[in-house]
Every structure is written in C-alpha cells, then in structure tokens.
Amino acid sequence: MGGPREVGARAEKLRREIERHNYQYYVLDRPLIPDAQYDALFRELQQLEARHPGLVTPDSPTQRVGTAPAEAFAEVTHRVPMLSLNNAFDEDEVSAFDRRVREALERENVEYAAEPKFDGLAVSLVYERGALARGATRGDGYTGEDVTANLRTVRAIPLRPTARRAPPLLEVRGEVLMLKGDFEELNRAQRARGEKEFANPRNAAAGSLRQLDSRVTALRKLAFFAYGLGAAEGVPRFTKHSELLDYLAASHFPVATERAVVRGVAGLTDYHRRIGEKRQRFPYDIDGVVYKVNDLAAQERLGFVARAPRFAIAHKFPAEEAASEVLAIDVQVGRTGALTPVARLKPVFVGGVTVTNATLHNEDEIRRKDIRIGDTVVVRRAGDVIPEVVRVLKDRRPARARHFAMPGRCPVCGSAVKRLEDEAVARCTAGLYCPAQRKQALLHFASRRAMDIEGLGDKLVDQLVDKGVVKTAADLYRLDVGTLAGLERMAEKSGANVVAAIERSKRTTLARFIYALGIRNVGESTARDLAQHFGKLEDLVKADEQSLQQVPDVGPVVAQSTAQFFAEPRNRKVVDGLRGAGIRFEHVPTMRARGKVAGKTFVLTGALAHLAREEAKERIEARGGRVAGSVSKKTDYVVAGADPGSKYDKARELGVAVLDENGLLKLLGEEA
DNA sequence: GATCCTCGAGTTCT
DNA sequence: CTCGAGGATC
C-alpha cells in the first residue's frame, strides 16, 4: 500500500466507482458488472476505511448500511413549504382545472407535464455543495422530521449527484416508496420471524423510513423518484418543468420513466387513461397521475391557493371498493355536541387497510343513501384515506334490516338533543356540562395545532374528567405528578412528562390560544386573523359584534359566536384562570401597528400608469396587505387609476380613502 | 340571489 | 378527506 495520498485517492476512486454502479443498478436497472465484482469493490473500500478511519466521509457508499439508533428525529423547517395537491376524480374536474388555468393565463391549449403519482411518502433532500446534507419527511408541509440517516441508506438516492457543476444549494423533492415485489418479500420475512406484517407497500415504506435505527432501514429495500425542486441556488434557469426533470435525471436522480408532455384536456385525459391501463404492470403502486403547467413562468403567475398550487392537480384513479355488512350504527358526540352516526362494519380489507368503522355524517346522509342496520354496503376509502359507505346493495337486504333513528337524548349525558331548523346536524344541548363535550374540548385545547400538550391523550382525559379532577382547561395547570401518577397506565415518569408538557405550553402565541379556546366557528385561520387584528387578548375579550366584523373573513355568524363566547361568565373565568396560571404570549406585533400597507385591504380600479395590475397586487401583498376585488366597508383604500369605474363611486359613498397611483407608490415606498 | 372559495368540524387507521 | 356553512364576489 502506498502513502496516505495514494490511499486517499484510491478511496475516492472506489467511492465514485461504487456510486456509479449503484446508479446503474438502482436507478437505471442496467448493471454493468456482476454482483460479485461489485461486492469486491465494496469490501475493498470498507477495508480501506477500517484501516484509515479518517477517510470515512458521510457520502461514502459504505455509510448506506446505516448508523446507530437515534433518540428521536429532530424537527426540520422546510425552506420552501412542501404543499399538497388538489385532487380531481373525474374528467369534469380535470377540465374545470384546465379552464381555470386557461382563464388565468389567457392562453389556449396549455402545455402540461404529466407524470404518475407514486403512492409513497414525500421527502425533501437537501444537497449542499454537491453532497447530501439533509433529508426530511414532508410532515405538515412546513416542518418535517430529519431522517437523513435513513434516506442515506436508500441506494437510488445519489449521495453526490453528478451535475456538471455542483450548485451551492439544491433541494430535490420526491417520493420514497417500496416496490410491490420487495413488499411481498418483506412480509414473507416478517411472517417467518413471527413479526407483524405491513398492510400495504406504502405503510411498509413509511414504517421503514421512520425507524430510529437506520440499520433497519438499510435492510428494507426502498426506492425513490424525484419530481421537483425546493430551495435552490446556482441551479440552471429552466423555463419548463420537463427541463427540470431532465436535469434531475442527468444528475443521476431516478425520475419517472412514464413522464410525458401533453396539451389540453384531451392530452391530460388520454395520458390518465394510458397510465391507468398499464398501472397493474408497474412494479410500484400509483394512485393517480399529476398534471403540472409545464411553463415555469406561468406556474409562478398562477401561484397558490391556501395549501395547494393552482398550476398543478392530481388526477386520481377510482378508489378500490369492497362489500361489507353494517353490524350497528352508533352515535358519537363531538366537541360542539354534534351527534355523528358511525357505521360499525364487519372488518373488510379495502384500499390497503382493514376498515371497521365509517362515518355516516348525519341523519340526512343515512336517509339519502337509505342505509339500514344489517345492510350489505359498498365501502371505499375516500381519497384513499377516510372510509366511506358508497351505496347499499339492496338486493342483499335481509328482512331483519332496521332503520336508524337519531336518539332524542344524548347517549353520553342524557340531555335533550336538538336539531336546528336549517342545520344538518343534531346536537346535545348540554354544552360543557356534557362529559363528552368537555373531554373533546380538552383534547382540542391540548391538540398539536392549539396548545400542543404532548401526552394528554384521550385515555388520560377520560380519567381526569370522569374522576372530576379536571373540569376546564384552567384545571390542567393545577395538575401535579402525584395526582397523575395515581391514574391507570400512568407512572411517575409519564406523569412528570405530562406535567412538563403542560408547563411548556404556557409559552404560546395569541393565535394558538384563541384557537385552543374552541370558540364555535373559530378555527385556526380565523384565530390567526383575530389575533392579528386585535393584538391583545383583552381587546378581543371586550370586542362587540360590530368591531369583530371589521376583521377580514369575519361575518355576522362568526362575530356572534365569538362575542357570545366571551359574554359567558363561565368562559371569562376560564380565560382568566388560564392567564392566572401563567400563560404568556410571544409578542407578535400586529400588522396594523406596523405599517400603512400591512394588514390593510386595497381595491384597485381603473388603469394605472406605471404598474401593471398584477404587479401592484404583488407589491401590496409583499408588504402584508391584501387586494380585494370589490369595495366594501372593510376596504381601507381604493386606488383609482385613469377612468375609474363604479368602484370609485362606491368608495366615495362608503367614505373609503381614495388614493391615486402616486399615493400608492408613496405608501409602498415608505414601507420599503 | 347565485356561485365560488375557504374554513371549520368531524372522522379513520397506523 | 368530505361535508356543510360562512363570507366574499358577481
């Protein structure tokens, strides 16, 4: 063996060589050398690294066998959110999508990039200066889990993508999945070892990726396909999505071979049909196909609605269906007292899992579908997730089949049940005096998106409420380890964890707190709007319906339920109790306090001389303002260009401030 | 008054 | 994910 330089060079050469063969084998499925020869190269590198531990690099192929288990996964914030896609289930929805795109772009016969939609888990792979630095799950789209060690074991994921010039930052988005054959093999092995089998390839892939011990992940054969980009610096400027995919393929990422560029609705539905016919023969599961507007500049113009892009849609295949029997229809009581009938089904395997329950939503739904106890029904997993009763097989209805009747009294507390005139749901009238509602309210309060109290689950809440230890959210902050440790399935240790989690929750944001209160009709988004607008809890508590309606997206109904909530002495007491327990809000200055554009609503009318309408909109939104289409009393400014229309008159009528273009530019300038 | 879009609430299984 | 309802818009 030569000097250290030669050893280092040899190791580097081996690493490149092995990764090249990995690529040939796992990505192209075209091995260049026999397995034995590959193994020899691999062993040589292992031995070199064993003798010279300084040579081991994180992107060495020997590191693909996994490392010692981690305690837990760290949290990762995605630089660019990993959003989900809207779905289309039939051709009408696809043509509606295409119509919206054409209208927004003012273009005919739009070009789309089409590709299969893999049924796996979305992940993000961050490459820094050409080497895999971090891999994460999608999580809620904004933050996911750091599963770098596990993703490193996936052979099809390049550790050093061979782009000619490695960009300083490259975030590749794609799907991790398990091939059908590997899934069968894994289950055979699990069975032989007497371990639990996986229900479907997707669960197997998910289970494998979430292993704390990446050595286990390394033994599971996972596949990967890239389909997009997240954050990037120094990457070539593409004009089309299809070019980006070509670039990824050239960089040695596996990309769907079935991808295509098509035009118009006919092209889309034709692609969907072609893939649908072939999909059984694919080595992996897909649950539909994805269409993206191919022109990237057009994608940018289309932008996003809430959590999904407007330029892309997933066209799903029809869900698998199966027949089962309705054994009973039970009634559940929700947080708002809503009574929901749930069908208890004879267990049936459908869409990759065993289904035993399916919500029937409400009485009307049961009547519409004419579902009776004892019926044989067709079940599917709506959107491949939530079980749904599709229809009754009437010819199999037994004579003993019975109608369902909504109980007149709450099954939990026995109070009267009322169904309002024009509402679909029946509700228990006891409010928080009903233990079921109280429990649900507490669970909501503790939920991740609210106060995020880990460990306070339904079993614990059940016991706390049943024993009368906790009546309101404020009582949670008086719990001690002694009280908790006395409960079932709660020892010192877990009790202490819960107390610590409750303690941690005292530091929160006003928006989360408002959401946690569980005011009727006030969800996450409205809670954020309220926090934003009022800035202080005290101001919200005092607000009357009039001032509540000044908040964007708050109308008479939300204003009324909010005002009513705070008017209730019992609720005021709980809020005071919580503040007294030491709940503090991170200071988030309100938009209103910050500037003249942020938090304000603008309406544009007439032609602007210097700014295109779109550009004006973008610049207002970039500073936290919003642009509405019509003038109302919630409008803060009307920007009138040349030849303003009726909006100008309306503004005068309502006494809304009117700006000319220079006035707008001045406002925008002051903010900058 | 009709229609589009978004939000809230309830739900399944692992 | 789906439904229903609320809010904004035309």
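Just so we're on the same page: letters track the sequence lines, and every chain starts at 1. Fair warning: this is a prediction, and the values are worked out from it, not measured in the lab.
Between the CG atom of A/Asp364 and the C1' atom of C/dT2 there is a distance of 15 Å, given to the nearest Å. Distance CG (A/Asn86) to P (B/dC5): 11 Å, rounded to an integer number of Å. Rounded to an integer number of Å, the gap from A/Arg368 CZ to C/dG4 C1' is 10 Å. One can place CZ of A/Arg528 at 8 Å from P of B/dC7, the figure rounded to the nearest angstrom.
For A/Pro81, the side chain to side chain contact (heavy atoms under 4.5 Å, CB included) partners are A/Leu83, A/Tyr142, not counting sequence neighbours. Every side chain to side chain contact (heavy atoms under 4.5 Å, CB included) that A/Thr526 has, sequence neighbours left out, goes to A/Val522, A/Leu530, A/Val554, A/Val558. With sequence neighbours left out, A/Thr562 forms a side chain to side chain donor-acceptor pair (under 3.5 Å) with no residue at all. Remark: A/Gln560 engages A/Gln564 in a side chain to side chain donor-acceptor pair (under 3.5 Å) (not counting sequence neighbours). With sequence neighbours left out, A/Lys418 forms a side chain to side chain donor-acceptor pair (under 3.5 Å) with no residue at all. The side chain to side chain contact (heavy atoms under 4.5 Å, CB included) check on A/Arg380 picks up A/Ala319, A/Glu321, A/Glu388, A/Val390, with sequence neighbours excluded. Looking at residues two or more places apart in sequence or on another chain, you find a side chain to side chain contact (heavy atoms under 4.5 Å, CB included) between A/Asp544 and A/Gln546, A/Ser547.
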Just the table, please: protein N/O against nucleotides 1-3 of chain B N/O, every pair under 3.5 Å.
none

Letter by letter from the 5' end, nucleotides 8-14 of chain B scores (B base, S sugar-phosphate only, - none; protein heavy atoms under 4.0 Å) SSSBSSS

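Using modelled atom types, one finds no donor on one side chain facing an acceptor on the other under 3.5 Å when comparing A/Thr336 with A/Arg520.
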